[in-house]
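Start at 1 and go down the list; that is how both ligands and their atoms are numbered.
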Amino acid sequence: VGAKLEDYEVLGVIGTGTFGTCYKVKKKSSGHLYVWKAIKYGSMKEDKKQLLVSEVNLLSQLKHPNIVRYHDRIIHKESATLYIVMECCEGGDLSLIINKCKRTKCLVTEAFVWHVLYQTARALQACHWHHSATILHRDIKPANVFLDSSGNVKLGDFGLARVLESESGYAHTIVGTPYYMSPEVIKGSKYNRMSDIWSLGCLAYELCTSSPPFTGSNIKELARKILDGRYDRIPDYYSDDLNSFINLLLNTDQEKRPPVEDITHHPSLVSQLATNS
Ligand SMILES: CN(C)CCCNS(=O)(=O)c1cccc(Nc2nc(OCC3CCCCC3)c3[nH]cnc3n2)c1
């Protein structure tokens, strides 16, 4: 029997994204914490609704320790709202950590950067080699990478953003500044799995410096810097090992970037895991 809204107690609002509002909720029967994202589908055209259904189905198939787990969906016909219930990542998202470091001028530890690199790469590996379709994340950024209560990385918000972005009618005006846009996408190539690798490099760089590798006061300046591909070294506190690893991911030539399985087997990552465990 389908889940109902009254099966959950709403604890509060976490934030609002391109899709709508994200609430922290508690399942009354188990006391477990979840979040739900309320998506108004009333004004959606039929094709968009189909796309949303297929995205949610894809989401429900993604079961991996480093991917935010889909839990349930509730269709509330009266308000034409779809509630997607997912695991709540109580550690929040990486943008909270980056903003705190920016404010307090502190640096995250090198071990934490390797930890995020490894677990996010594992999540990407699961998507890139998903049995039914290659799922490209297309939106790896600090606000989409969460931590659970034990500090495990959880990659979130698959496809949804893409489906709903087009819905919000701003399909062409970019909602946020695309700091992580890859050179090949700027040059008009199709977004591909190596673009996810580029974004992973941007994420690691931003963790170390609290700023993306490429910034600009407008999209043209940002695009020029991304194509040029030059950026300052991460702070000296971080090893040459980590610095050269990030340089690998931020290679403007997508052929020269390591595929995701090379990342999870990269010697410096594996050795770091040994020291961290
Ligand atoms: C340790 N502290 C310093 C940090 C406490 C931090 N706790 S917190 O304040 O409730 C908190 C903060 C941010 C995230 C989460 N957990 C979370 N957020 C999601 O989406 C956030 C949403 C994404 C779109 C835009 C608006 C926000 C999820 N999606 C699936 N699972 C999710 N889990 C919890």
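Distances from ligand 1 to the non-hydrogen atoms of Gly156 include no value under 4.0 Å.
Ring centroid separation for the pair Tyr179 and Phe214 does not come in under the 6.0 Å cut-off. Between Tyr8 and Trp36, the gap from one ring centroid to the other is short of 6.0 Å.
Every atom of ligand 1 with a heavy atom of Lys24 under 4.0 Å away is listed here by number and element: 10 (O). The ligand atoms of ligand 1 that sit less than 4.0 angstrom from a heavy atom of Thr16 are 25 (C), 26 (C). Short contacts between ligand 1 and Gly91, defined as distances under 4.0 Å to a heavy atom of the residue, involve ligand atoms 4 (C). Near Gly15, with a cut-off below 4.0 Å to any heavy atom, the atoms of ligand 1 are 26 (C).
Under the side chain to side chain contact (heavy atoms under 4.5 Å, CB included) rule, Cys89 has a single partner from Val145, Leu147, Val68, which is Val68.
Of the possible donor and acceptor atoms, one in the side chain of His115 sits under 3.5 Å from a partner among the backbone N and O of Gly151. Between the side chain of Ser199 and the backbone N or O of Ile197, no donor-acceptor pair lies under 3.5 Å.
Of all the heavy atoms of Cys22, the ones lying under 4.0 Å from any atom of ligand 1 belong exclusively to the side chain.
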Intermediate values then yes/no, side chain to side chain contact (heavy atoms under 4.5 Å, CB included), Val153 and Phe146: CA-CA 6 Å; Val153 171; Phe146 302 100; over 6 Å; no
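Not one N or O of Val68 is nearer than 3.5 Å to an N or O of ligand 1, by distance alone.
Among Met86, Glu87, Glu90, Lys37, the residue whose heavy atom lies nearest to atom 31 (N) of ligand 1 is Glu87.
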